[in-house]
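Order of appearance sets the numbers: ligands from 1, and atoms from 1 within every ligand.
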Amino acid sequence: MILVTGGAGFIGVNLIRYILDSTNESVVNVDALSYSGNSASLKSVELNSCYHFVHANICDEIALKQIFNKYKPTAVMHLAAESHVDRSIDGPSEFIETNIVGTFKLLEASKSYWLSLSKQDRDKFRFIHVSTDEVYGDLEQDAQAFNEITAYKPSSPYSASKAASDHLVTAWHRTYGLPIIITHCSNNYGQFQYPEKLIPHMILNALAMKSLPVYGDGSQIRDWLHVDDHVCALYEILKKGRVGEVYNIGGQNQMTNLDVVSQICELLDELKPCSANIGSYANLINFVVDRPGHDIRYAIDITKIQTELGWYPQESFRAGLRKTVEWYLTHLSWCQNIMDKDYQHAPIERGVTIK
Ligand code: NAD
């Protein structure tokens, strides 16, 4: 029984579907269903007897205690977080609450449950903390990619809160011996991503013939990781990763934001051509004032996970992006439901046009 937190969010949904489809494990999904959590994404597994859902906040220590006692997990995979950088700039307090205080409460609940186990079960228990490459800050164009010993230098309230949570997790290992592993992944993309994030946001804006707001000159570089590759890496780490270690997970796909948006436009031009008077969707691209503290470049060195665990990303960006665009084109009602219910426009829309 694996306890997944944040399993109704983008990566969590894909992780749970992967575990239930490809392994014999059961899952209990603990999620507060905040704005980015969507239980409709897990409709297909609701009736699976290996799947359990508990609507709870990771800051609620009483609920956590009950969950551990009832489900007796052999592992925790901690994904619950406030995850959108722009929102953290507008209102950091929820990031401090969920990402830092929530992680602390979860560590405490995990620790007291873990201490109650037999020696044999204690040895097998794992706490996998899913963090981000953003804790490392950013890189100059020609600087070496982040590895597991790169110093932390977070830039945004989001990445600072994730960095703080990493330190708590490390301390609970060092001080109490809790068997933890920390992962840092690069930007994920793929099916079920909340519509405010770059790739779905651009697809949906283009289809609605709205402008495609690109921060600054669009030259920021991200290393894009397909979510299917990411969840596979997380499961490998759970099964074979070394306790107390950090593993970086990247997609080997460094791309500027402008390249990403241009490729989305090309794919849409082919798959869903727009009206003749606009020509290409690329004509909707609109450069807006840059995000404060915007990181220039992230890049991930995956040597450790590749050599130790034999994991390597399988998806090329071009093929992964095509699959993603096709998924959104065939799941417009999934997006519409979110946007009708509780979608607040992403702060990216508020940028002032500079070009
Ligand atoms: P998401 O925003 O799509 O999902 C977060 C989930 O956590 C939601 O289901 C939400 O309801 C839940 N949640 C939020 N606060 C909660 C609370 N207090 N208690 C219980 N549940 C709560 O995020 P995601 O993109 O799926 O990211 C998952 C994890 O991966 C996060 O920890 C994030 O920092 C990390 N990460 C994501 C990316 C990415 O590109 N998406 C990159 C690096 C790291």
Between Asp259 and Ser262, a side-chain donor and acceptor under 3.5 Å: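 Ser262 and Asp259 do not have a side-chain donor-acceptor pair below 3.5 Å.
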Parallel, tilted or perpendicular, as decided by the 30° and 60° cut-offs, for the rings of Tyr71 and His52: tilted
Aromatic ring pairing Trp327/Trp334, orientation class (parallel under 30°, perpendicular over 60°, tilted between):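 Trp327 and Trp334: perpendicular rings.
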Cation-aromatic face contact Lys197/Tyr189, 6.0 Å, 45 degrees: no
Quiz item: cation-pi between Arg17 and Phe192, 6.0 Å / 45°: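 Judged by the rule (NZ or CZ under 6.0 Å from the ring centre, within 45° of its axis), Arg17 is not positioned above Phe192.
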Atom-level proximity to ligand 1, residues with heavy atom under 4.0 Å: Gly6, Ala8, Gly9, Phe10, Ile11, Asp31, Ala32, Leu33, Ser34, Ser36, Gly37, Ala56, Asn57, Ile58, Leu79, Ala80, Ala81, Ser83, Thr98, Val130, Ser131, Thr132, Tyr158, Lys162, Cys185, Ser186, Asn187, Asn188
Close aromatic pair by centroid cut-off 6.0 Å: Phe146 and His184: no
